[in-house]
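Below: one structure, written as structure tokens.
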Amino acid sequence: MKLYMNRHRVIGRRDPMLYGHFIEHFHRQIYGGVYDPGNPLSDEDGFRTDVIEAMRKIHVPILRWPGGCFVSSYHWKDGVGPERTPQFDKAWRVEEPNTFGTDEYIALCRKIGCQPYICTNAGTGSAEEMSDWVEYCNLPQEGSYAKQRIRNGHTEPFDVKYWSIGNENYGFWEIGAKSAAEWAALTTEAAKMMKHVDPRIELTAAALTDLDWNISLLRSCGKFLDWISIHEYWDPIHNTNEFADYEASMVYTNDMGHSVRKVRGLLEAMGLEKQIRIAFDEWNLRGWYHPGVHTVQQALTKEEYLLPRDKNDINSQYTMADAVFTACFLNMVNRNCDIVGMANFAPVVNTRGCIFTHENGIVLRTTYHVFDLYVNLLGDTVIDAWTEDLPCGKLRAKDGTPTDTELLDVLVTAFSDRPGTAVAVVNKDPEKTQSITLSFEAEGTVTQYYISGNSTESYNDIDRTEVEPGRRELGTFREGMEVELLPHSVNILQII
Ligand code: AHR
């Protein structure tokens, strides 16, 4: 395959928040995940230092919290102050101890060095409760909530800039689900009140690719919004945990940008594309495994709906399929960086996350190394690029259907603060080495960073590191040089 690019045709400067993350009060993401008081690996505030170090290494820019479905019956006031009242979490049907609340979350973000991004309860919550939360976090001292924050030991406001109104309130599974009309009314009032408290905040609201929902939301609340949120999990295994295999996962990479395309089109049709950006604030190849909950008939026993959640923790499930898919997604949002400003891997710790925690340490799953390569080696300026002789293959979809699938996926970037070019190229081919011919002008020496594993099924686990970044020096750049790409590999070609 030949790759061409025109350095002068800049698609945009990607927002660092494209490499964002999400953490929810679900299973072991918070308790036993990032927050593990009493573990020798935790600091004086109860946070796992090994997890924080790993998150800092991939420069997590923003962390969305506390949900997800959890938030739609969460009341933030239960999670602040000296007395924390355990509540029953109606979303996940477990007791929430509330020992990790807003103050702990902000402390975590400060330790990671990331922006906080709070998703509010638009399920059972009210516009007033959402705006009270903004008071608690952002007012210097006016009113009871800011004074409560001060009494809780935080004199200075937290200055939380990013806020979401609700989470998937369009879905029957969501506590406090709404109709489009109800959603328009609630978001408009909530946005108004939240911006009355702090006009500096940036607001998003839960949306999807449904036209009626989005038109109703944007017509009523669009004037207040800076973002519109969408979510996508490609392998819907919430009730089965029956993973799409490597080839089927690659078939999912076909037309990955369909949701972005639809929402972009609507924003443009409504003249909002310069005011509102897309926050892809939950995404992952794999749906989370929680049988008997996102269903009308709830499972009856904990053996049916609670214990199976431990199966999210089986590290051998997260292979090169997850890594290659993740790279293709990151390529897609970078190529759409003129309209997509944030994306949040769901989640960051445990469940389907890129970091797995256990009593004595962490496992960096394959997807973690994709973030490490992209965040630390790619440029911040996305360049228009095109290809010739792009190889295609017939790969089996999850239902067994042979499906035409492009085998290479490419992103070309430059650096706004220095010369150089960095190309991300993904070889989805499960068996064959592919090659790319760099048919453009550039100067410098070429270094190839890559992950590939020994097979499509390679994974990392406790005391087992099968996938970690490799590096090859390719010498001085020559226009027309050909670079080999290992099967099932994610590659960054730095030319600097
Ligand atoms: O499966 C996890 C859930 O996926 C999140 O809580 C929710 O936002 C989405 O439906």
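Atoms within each ligand, like the ligands themselves, are counted from 1 in listed order. Heavy atoms only: backbone and side chains are in, while hydrogens, waters and symmetry mates are out. Numbering of residues begins at 1 and proceeds along the displayed sequence.
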Give the residue and atom name of whichever protein heavy atom lies nearest to atom 2 (C) of ligand 1, and the separation in Å to one decimal. W288 CE3, 3.1 Å
Can you sort out which atoms of ligand 1 are near N167, meaning under 4.0 Å from one of its heavy atoms? 7 (C), 8 (O)
Result of checking Y31, F70, Y74, W288 against F26 for ring pair (Phe, Tyr, Trp, His ring centres under 6.0 Å): W288
Less than 4.0 angstrom from a charged side-chain N to a carboxylate O is my criterion; do K195 and D226 meet it? yes
Do F70 and ligand 1 have an N or O pair less than 3.5 Å apart? no
How close does the nearest protein non-hydrogen atom get to atom 1 (O) of ligand 1, and which residue and atom is it? H290 NE2, 2.7 Å
Any donor-acceptor pair under 3.5 Å linking the side-chain atoms of D78 with those of N98? no
How close does the nearest protein non-hydrogen atom get to atom 10 (O) of ligand 1, and which residue and atom is it? E168 OE1, 2.5 Å
What residue and atom, counting heavy atoms only, is the protein's closest point to atom 8 (O) of ligand 1, and at what distance? E282 OE2, 2.6 Å
From the options Y105, Y117, Y35, select the one residue that forms a ring pair (Phe, Tyr, Trp, His ring centres under 6.0 Å) with W65. Y105
Atoms in ligand 1 with a heavy atom of E24 nearer than 4.0 Å: 5 (C), 6 (O)
contact_flag Y233 ligand 1 heavy-atom lt 4.0 Å: yes
Is H294 near ligand 1, meaning one of its heavy atoms is under 4.0 Å from it? yes
Nearest atoms (heavy-atom pairs only) where F325 meets M250: N-CE, 4.1 Å
Using atom types as modelled and distance alone, determine if a side-chain donor or acceptor of E304 lies under 3.5 Å from a backbone N or O of T301. yes
Can a non-hydrogen atom of W92 be found less than 4.0 Å from any atom of ligand 1? yes
Indicate yes or no: does E282 engage R64 in a salt bridge with an N to O separation below 4.0 Å. yes
